[in-house]
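Predicted model only: the values in this text are computed from it and were never measured. Chain naming here is simple, since letters A, B, ... match the order of the sequence lines and numbering starts at 1 in each.
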Amino acid sequence: MRIFGETKERMDKRQADRRQGAPGEREVQTRTAPAVERAQEMVVENLSAYYGNFKAITDVSMHIRPNKITALIGPSGCGKSTFIRTLNRMHEVAPGGRIEGRVLLDGEDIYARDVDPVRVRRRVGMVFQKPNPFPTMSIYDNVVAGLKLTRRRKKSELDEIVERTLRQAALWDEVKNKLSESGTSLSGGQQQRLCIARTLAVEPEVILMDEPASALDPISTQKIEDAMEELKERYTVVIVTHNMQQAARISDYTGFFYIENMGDPGRLWEFDETDKIFSNPGRKETEDYVTGRFG
Amino acid sequence: MDLFKQLRRGNPGDAIFKGLAVLFGLSLLFISGLVVFELWYQSSLSRGEFGWSVLWSTEWDPPGERFGALQFIYGTLVTALGALLLAGPIGIGIAAFLVEIAPRRVDRVVGIVVETLAAVPSVVYGLWGIFVLGPFLCSYVAPPLQAVLGWLPLFSGPCRSYSVFTATFILAIMILPTVAAISRDVIRAVPDAQREAMLALGATRWEMFSRAVLPYAKSGIVGAFALALGRAAGETMALAIIIGNAPRIFTSLFDQGATMASIIAANFANAGSAMFVSFLIELGLILFAITLIINVSARLLVWTVASGPSGGIRA
Ligand SMILES: Nc1ncnc2c1ncn2[C@@H]1O[C@H](COP(=O)(O)OP(=O)(O)O)[C@@H](O)[C@H]1O
Ligand SMILES: [Mg+2]
């Protein structure tokens with residue numbers, strides 16, 4: 001209740017802090033003193049997720065650290081997407097989607113009875129595998145789409161947010177002269193960065209990304225990775241990736257999901273610092289997977 | 001290799017099928033052409049007498065053989081647009097409920113109901129309108145409406161079963177299945193990725209629908225509206241029964257009026273002069289032109305939503 005029934009002052013204060021955290025937007029963009037305050041930790045306790053009667057993951061416990069990038073890897077079908085979607089209550093949008101266990105955001109259970117999923121999703125943003133900009137909106141309107149859900153803002157304030165978030169998503173220079181064009185006029189990689197900017201604009205505390213670069217060319221992928229490096233200064237980031245090198249390069253912690261026997265639900269097989277997972281994993285399956293022996 | 005050559009050349013069965021398809025397509029065009037020609041030819045007496053001025057004249061003097069079409073065009077447009085005004089939002093509401101909220105089973109049952117409604121003969125709607133809907137509207141809908149808006153000419157005068165008011169409601173009920181069914185298909189075609197995108201930004205379900213789904217489906221829904229409008233403009237029997245067939249420009253919805261289709265149906269059998277018959281046929285020609293314009297623009301709109309730039313996301 002404390003968090004989700006958050007007072008307006010606190011929200012405004014945090015937004016003000018956030019803005020101060022990016023002083024003189026135009027010159028120093030994003031390379032700023034970490035505005036740590038908003039990044040939150042998430043703690044997952046004994047989480048199982050179902051689709052109707054089908055149990056997709058079981059007994060997952062994980063500590064997601066603030067201002068770190070946590071990568072989730074594992075063979076396909078072992079529940080990475082399902083898991084990441086439980087972190088902002090998008091899982092329950094799927095038919096029959098429900099969970100057991102607890103997910104804490106800054107100490108509060110996001111599945112508590114009096115918690116509105118809408119508020120959870122404002123605090124825990126999500127970027128999807130396939131870029132999904134709103135085709136009827138301009139690039140500018142795409143970025144502010146989430147902001148317009150909360151309260152009216154001055155045009156100048158919106159302009160500022162649009163520029164800042166597009167810079168954070170490494171897209172500003174490519175679109176600054178065509179902000180009023182449709183979001184679908186962009187390439188796939190640009191669209192995905194637009195979706196990142198759109199997510200950043202609502203100022204979440206945690207950002208979830210489900211294979212954000214899987215459909216993109218190497219250059220776009222590189223740009224997104226670069227952007228993520230800067231994002232973690234302000235946000236807690238969780239990313240699903242099927243790309244080992246990517247996980248090793250960008251993440252601080254890595255979780256390996258695995259299904260031992262066909263038909264079982266997915267489990268979090270191993271979770272540790274990324275260096276450890278990739279150099280000296282604790283379990284054989286993890287090692288086989290990260291060295292590419294199966295997958 | 002032979003196989004591919006064969007495929008490229010096409011086998012005889014394909015050729016026959018293609019030939020037949022083209023033949024039928026052409027014969028449809030031919031028949032439509034014939035209809036238009038017949039309307040054109042049979043109305044030459046009236047066209048020669050009144051020229052283009054028939055479109056803005058309201059004359060109505062059968063014994064003196066003087067006719068104008070404006071009041072009927074007016075009646076058609078007012079009732080059709082009024083019906084759309086009523087059925088449009090309700091139809092979208094039903095479609096939204098079916099796609100976004102209702103469980104599969106409900107969706108299927110409502111689908112059957114909607115199809116049944118569309119299959120009810122128009123005479124039945126007409127009779128029902130007089131005996132059931134008209135009295136109901138006059139005792140429960142008109143009084144509160146007049147209490148608030150009675151000062152408007154549009155809602156003045158006593159309520160009657162036989163009136164533009166009842167006719168508009170009946171038309172609305174008749175086109176509702178069309179609006180709801182097409183809107184449902186269009187809304188269902190909106191990718192779930194769009195819904196998820198909006199939800200993940202912290203939207204409520206309503207915000208998701210109004211800000212992501214509706215804009216995406218907008219042109220398709222406009223297409224559905226246009227198709228419904230075309231249907232409403234051409235509806236004949238129900239209106240011929242209810243609207244009163246009074247050939248004038250009505251100012252109150254509780255007045256009687258006439259549409260092009262209703263006046264043709266009401267007068268054709270006993271039109272007393274060659275000029276009268278010719279004029280009624282010319283009305284048919286005008287109606288044909290109007291519905292054609294509405295339908296073609298509807299098709300174009302539906303096409304653009306299906307294949308246009310908003311239909312897919314460039315990768
Ligand atoms: N909407 C859904 N309904 C039913 N089962 C699903 C749904 N989405 C995923 N699943 C099932 O849940 C399991 C985990 O899937 P997913 O989380 O997508 O795995 P990953 O992202 O690791 O490839 C799979 O067996 C998949 O078939
Ligand atoms: Mg997945």
Side-chain angles (χ1 to χ4, degrees), chain A residues 85 88-95 116-137 141-150 181-192 194-195 198-204 207-210 215-217 220, chain B residues 92 96-108 183 186-225 301-315:
Chain A
R85 289 165 63 96
N88 69 340
R89 298 191 62 170
M90 284 300 286
H91 175 62
E92 67 203 44
V93 173
D116 180 357
V118 168
R119 290 194 143 264
V120 173
R121 293 179 198 134
R122 264 177 215 155
R123 300 182 58 194
V124 185
M126 180 161 226
V127 177
F128 296 84
Q129 181 166 358
K130 217 178 129 208
N132 54 1
F134 301 116
T136 57
M137 296 184 196
D141 287 336
N142 261 283
V143 177
V144 300
L147 287 175
K148 290 198 168 161
L149 295 169
T150 43
E181 282 178 29
S182 163
T184 46
S185 66
L186 302 174
S187 75
Q190 291 172 322
Q191 287 185 16
Q192 190 64 303
L194 178 59
C195 292
R198 178 176 74 185
T199 303
L200 297 178
V202 293
E203 313 221 340
I207 297 176
L208 311 174
M209 299 186 173
D210 190 354
L216 307 184
D217 60 281
S220 300
Chain B
I92 293 181
F97 169 75
L98 290 178
V99 178
E100 310 288 347
I101 298 169
R104 265 285 151 69
R105 209 151 8 103
V106 176
D107 184 9
R108 213 165 305 139
S183 305
V186 173
I187 289 173
R188 184 169 290 152
V190 175
D192 279 340
Q194 292 290 311
R195 297 186 172 82
E196 294 195 327
M198 199 46 102
L199 285 180
L201 290 173
T204 61
R205 286 188 80 85
W206 164 247
E207 287 165 337
M208 172 199 88
F209 183 75
S210 62
R211 290 166 190 241
V213 178
L214 261 193
Y216 196 99
K218 192 175 68 194
S219 26
I221 289 174
V222 173
F225 281 9
L301 277 167
V302 175
W303 269 336
T304 41
V305 77
S307 62
S310 64
I313 291 166
R314 242 175 54 184

With heavy-atom distances below 4.5 Å as the criterion, would you say the side chains of A/Phe134 and B/Met198 are in contact?
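SC-SC contact between A/Phe134 and B/Met198 confirmed.
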Is there side-chain contact between B/Leu199 and A/Met126, with at least one heavy-atom pair below 4.5 Å?
no
Any idea which heavy atoms bring B/Gly202 and A/Arg122 closest together, and the distance?
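Closest pair (atom of B/Gly202, atom of A/Arg122, distance): O-NH2, 2.9 Å.
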Chain B contact via A/Val93 - which portion, at a heavy-atom distance below 4.5 Å:
side chain
Less than 4.5 Å to any heavy atom of chain B: does that hold for the side chain of A/Arg89, its backbone, both, or neither?
neither
Mind checking which of residues 99-107 of chain B sit less than 4.5 Å from chain A, heavy atom to heavy atom?
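Against chain A, none of the residues of residues 99-107 of chain B fall inside the cut-off of heavy atoms under 4.5 Å.
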If we ignore hydrogens and angles and just use 3.5 Å, is the side chain of A/Arg121 paired with the main-chain N or O of B/Leu201 as donor and acceptor?
no
So, the side chain of A/Asn132 versus the backbone of B/Gln194: is there a donor-acceptor pair under 3.5 Å, distance only?
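No, because the side chain of A/Asn132 does not come within donor-acceptor range (under 3.5 Å) of the backbone of B/Gln194.
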Any residue meeting side-chain hydrogen bond (donor to acceptor under 3.5 Å, both in side chains) with A/Arg85, in chain and number order, not counting sequence neighbours:
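A/Arg85: side-chain hydrogen bond (donor to acceptor under 3.5 Å, both in side chains) contacts with B/Glu196.
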Stepwise side chain to side chain contact (heavy atoms under 4.5 Å, CB included) check, B/Arg211 with A/Leu149
CA-CA 9 Å; B/Arg211 290 166 190 241; A/Leu149 295 169; 3.6 Å; yes
